[in-house]
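What follows is a set of notes on a single structure, which appears directly below.
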Amino acid sequence: MSTVQAIRGTRDILPEEVGYWQQVEAVARAVLGRAAYQEIRTPTFEQTELFERGVGEATDIVSKEMYTFRDRGDRSLTLRPEGTAGVVRAYIEHHLHAQGGVQRLWYLGPMFRYERPQAGRQRQFHQVGVEVLGSADPRADAEVIAVATDLLTGLGLKDLRLEFNSIGDRSDRQQYREALIAYLTPYKADLDADSQDRLTRNPLRILDSKDQKTQAILQEAPSILDFLSPDSQGRFEQVQQLLTDLGIPFNVNSRLVRGLDYYTHTVFEIQSDDLGSQATVCAGGRYDGLVSELGGPETSAVGWAIGLERLILLLQQLQPPKPANLDFYLVSRGDRAEAQSMKLAQSLRQTGFSVELDLSGSAFGKQFKRADRSGAVACLILGDAEAESETVQLKWLASGAQESLSQKDLLSQTEQLRKQITALKK
RNA sequence: GCGAGCGUAGCCAAGUGGUUAAGGCAGCGGAUUGUGGUUCCGCCAUUCGUGGGUUCGAGUCCCAUCGUUCGCCCCA
């Protein structure tokens, strides 16, 4: 094939699908706005170092999935693989912490990871995310989760599970890590190959192995929850209580760990069974160490990200595509009529109607066929006779009823027309 | 990075080594030179992702390559 194609792992969102995206964006704006989150837009690429430090050099994202390149000034740049690092960078750079209080931010945009594409996974994908910076209050943890569930249920999604866990602070996790290694080492030969490898590299990740034998061995493994300090334990319980008070069901899952280095305490995922093997549609948690890690002041923070492609996959299973939302389809034939049709279309648009003008110049029969398919509520007909008398035929496409009126009247009866059209759109 | 499946028109496809590549949807033209959603007729792949090979003969078999899908790793 000699024609140029979209890059592997990227895709075009065509008009027939874009309605879903607009819907998601509208609901996200509304829900986040109501909770006093403010939108922030950061660059699509950053210094490579930001992600190495922020996401963690040992993570798969940084070690093998980043789109990193050198620019003409020989700087190492990277297409952002996630949103948090850039937001935190901006927070520090613009001294948003100096404004005092809590910063509630949200973002939406494309992210890039060099991975093998499959269902619900692409190389360029989109996330909407929130970050609450400057609060260690457990209510912040509960709030971000509540906002996420509002967003998802606001789109009509059901059958979602909230998996919830605490991975404690660094020292809790360090002790647990040692205990887990001690427990698993005698079973090493029985673990799946990947997990054997992870035993030294990243033992916590063994917990969510999909291998059955490994999972059987893990039945008796120590739980992170037994290693939480009293403070960590207290936080964990408070967040759970708040979720219960809010009526948000959750499932404590002590096997839940996250792939990014910066998480502490609260971690959670919202999952669906309708996504194939990529079940997680929303994931997040607390990251109290990240801001200082990136050179800012000690700052508590919590946030999440939602994968929009996965979200839209769910939405499509639930809703048929929305039909076109057109008021008028204007058909015309003959020089004078065609000239008038142009002006009539424009005038109607200026009074707030949506109008599609048929440009084909083909026989009326063909134009009607297209009018019918356009999904318009009404068809306006302008031929030689109408042009002569400066009238227009107004045909209601559902009923077939047709009336003749002057173009002047059509443009002056906008109130009444509007009402009739809205009534028919239902 | 690893494993498996699949690439025939804009879309869905039949085709299982024998030569003219079914059918459906959509589109376009006509029946119907000013009235749609129904119906009828006609048109729409010198070629089966690409390159090479096997064969008298390849969309069908083999190899490579690209793309795609699903899974693993990992992640939203």
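Numbers restart at 1 for each chain; the letters A, B, ... are given by sequence-line order, proteins then strands.
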Of Leu152(A), Asp150(A), Leu155(A), which meets side chain to side chain contact (heavy atoms under 4.5 Å, CB included) against Val31(A)? Asp150(A)
Please list, chain by chain and in numerical order, all residues satisfying ring-ring contact (aromatic ring centres under 6.0 Å, His included) with Tyr187(A), sequence neighbours excluded. Tyr183(A)
Would you mind building the protein contact string for nucleotides 69-75 of chain B? One character per nucleotide, 5' to 3', B for base within reach (heavy atoms under 4.0 Å), S for sugar-phosphate only, - for untouched. -SBBBBB
Glu16(A) has an atom CD; how far is it from atom C1' of A26(B), in whole Å? 12 Å
How far, in whole Å, is A9(B) from G37(B) if one measures between their P atoms? 29 Å
Separation of Glu309(A) atom CD from A76(B) atom C1', in whole Å? 9 Å
Using the C1' atom as the reference point in each nucleotide, state the distance between A13(B) and A26(B) in Å, no decimals. 14 Å
Sugar-phosphate only, base, or nothing, as touched by Ala283(A) at under 4.0 Å among non-hydrogen atoms: sugar-phosphate
Please report, rounded to the nearest Å, how far the C1' atom of A76(B) is from the CG atom of Leu108(A). 12 Å
Would you mind classifying the nucleic acid contact of Leu311(A) as base, sugar-phosphate or nothing, using non-hydrogen atoms under 4.0 angstrom? nothing
Complementary nucleotide of U16(B), counting Watson-Crick and G-U pairs under 3.5 Å: none
Tell me yes or no: between the side chains of Glu131(A) and Tyr91(A), is some donor less than 3.5 Å from an acceptor? no
Whole-Å P distance, G7(B) and G27(B): 27 Å
Rounded C1' spacing from U69(B) to A45(B) in Å: 25 Å
So which pairs with a foot in residues 138-166 of chain A pass ring-ring contact (aromatic ring centres under 6.0 Å, His included), sequence neighbours left out? Phe164(A)-Phe236(A), Phe164(A)-Phe250(A)
Given Asp327(A) and Arg418(A), is the salt bridge (Lys or Arg N to Asp or Glu O under 4.0 Å) satisfied, shown in steps? CA-CA 9 Å; Asp327(A) 297 327; Arg418(A) 177 96 268 155; 3.3 Å; yes
Taking atom C1' in both A4(B) and G51(B), what distance in whole Å separates the two? 24 Å
With a 3.5 Å limit on both atom pairs, tell me what A22(B) is paired to, counting Watson-Crick and G-U wobble, or say none. none
Per the salt bridge (Lys or Arg N to Asp or Glu O under 4.0 Å) rule, what does the pair list look like for residues 383-394 of chain A, sequence neighbours excluded? Arg336(A)-Glu388(A)
Sequence neighbours excluded, every pair satisfying salt bridge (Lys or Arg N to Asp or Glu O under 4.0 Å) that has a member inside residues 135-148 of chain A: Arg104(A)-Glu143(A), Asp137(A)-Arg139(A), Asp141(A)-Arg235(A), Asp141(A)-Arg286(A)
Using atom CZ of Arg11(A) as one end and atom C1' of G67(B) as the other, report the distance to the nearest whole Å. 16 Å
Quick one, Phe112(A) and Thr44(A) - any side-chain contact, counting heavy atoms below 4.5 Å? yes
Please produce a list of atom pairs where a protein N or O lies less than 3.5 Å from an N or O of nucleotides 5-11 of chain B.
none

If you measure from the C1' atom in U68(B) to the same atom in G49(B), how many Å do you get, rounded? 10 Å
What's Ala6(A) touching, base or sugar-phosphate or nothing? Going by heavy atoms closer than 4.0 Å. nothing
Pairing nucleotide - G3(B), Watson-Crick or G-U, each distance under 3.5 Å: C70(B)
Test of understanding: with salt bridge (charged side-chain N to carboxylate O under 4.0 Å, His left out), list the residues that count as partners of Arg34(A), not counting sequence neighbours. none
Less than 3.5 Å apart, which donor and acceptor atoms pair up between the side chains of residues 47-63 of chain A and the rest of the protein, not counting sequence neighbours?
{"residue": "Thr48(A)", "atom": "OG1", "partner": "Ser76(A)", "partner atom": "O", "Å": "3.0"}
{"residue": "Thr48(A)", "atom": "OG1", "partner": "Ser76(A)", "partner atom": "OG", "Å": "2.7"}
{"residue": "Thr48(A)", "atom": "OG1", "partner": "Leu77(A)", "partner atom": "N", "Å": "3.3"}
{"residue": "Thr48(A)", "atom": "OG1", "partner": "Leu77(A)", "partner atom": "O", "Å": "3.4"}
{"residue": "Thr48(A)", "atom": "OG1", "partner": "Thr78(A)", "partner atom": "OG1", "Å": "2.7"}
{"residue": "Glu49(A)", "atom": "OE2", "partner": "Arg53(A)", "partner atom": "NH1", "Å": "2.9"}
{"residue": "Arg53(A)", "atom": "NH2", "partner": "Glu293(A)", "partner atom": "O", "Å": "3.1"}
{"residue": "Thr59(A)", "atom": "OG1", "partner": "Gly56(A)", "partner atom": "O", "Å": "2.7"}
{"residue": "Thr59(A)", "atom": "OG1", "partner": "Val62(A)", "partner atom": "N", "Å": "3.3"}
{"residue": "Asp60(A)", "atom": "OD2", "partner": "Lys64(A)", "partner atom": "NZ", "Å": "3.1"}
{"residue": "Ser63(A)", "atom": "OG", "partner": "Thr59(A)", "partner atom": "O", "Å": "2.9"}

Rounded distance in Å - CG (Leu397(A)) to C1' (G37(B)): 9 Å
For residues 351-360 of chain A, which residue pairs pass the salt bridge (Lys or Arg N to Asp or Glu O under 4.0 Å) check, not counting sequence neighbours? Asp358(A)-Arg370(A)
Does any pair with a residue in residues 106-116 of chain A pass salt bridge (Lys or Arg N to Asp or Glu O under 4.0 Å), and if so which ones, sequence neighbours excluded? Glu115(A)-Arg121(A)
Using the P atom on both, measure U35(B) against U50(B) and round to a whole Å. 46 Å
Take nucleotides 29-35 of chain B nucleotide by nucleotide from the 5' end and write B, S or -, depending on whether a protein heavy atom sits under 4.0 Å from the base, only from the sugar-phosphate, or from neither. SB--SBB
C6(B) and C73(B), which share atom name P, separated by this distance in whole Å: 24 Å
Sugar-phosphate only, base, or nothing, as touched by Cys379(A) at under 4.0 Å among non-hydrogen atoms: nothing
Apply side chain to side chain donor-acceptor pair (under 3.5 Å) to Glu220(A) and list each qualifying residue two or more places apart in sequence or on a separate chain. none
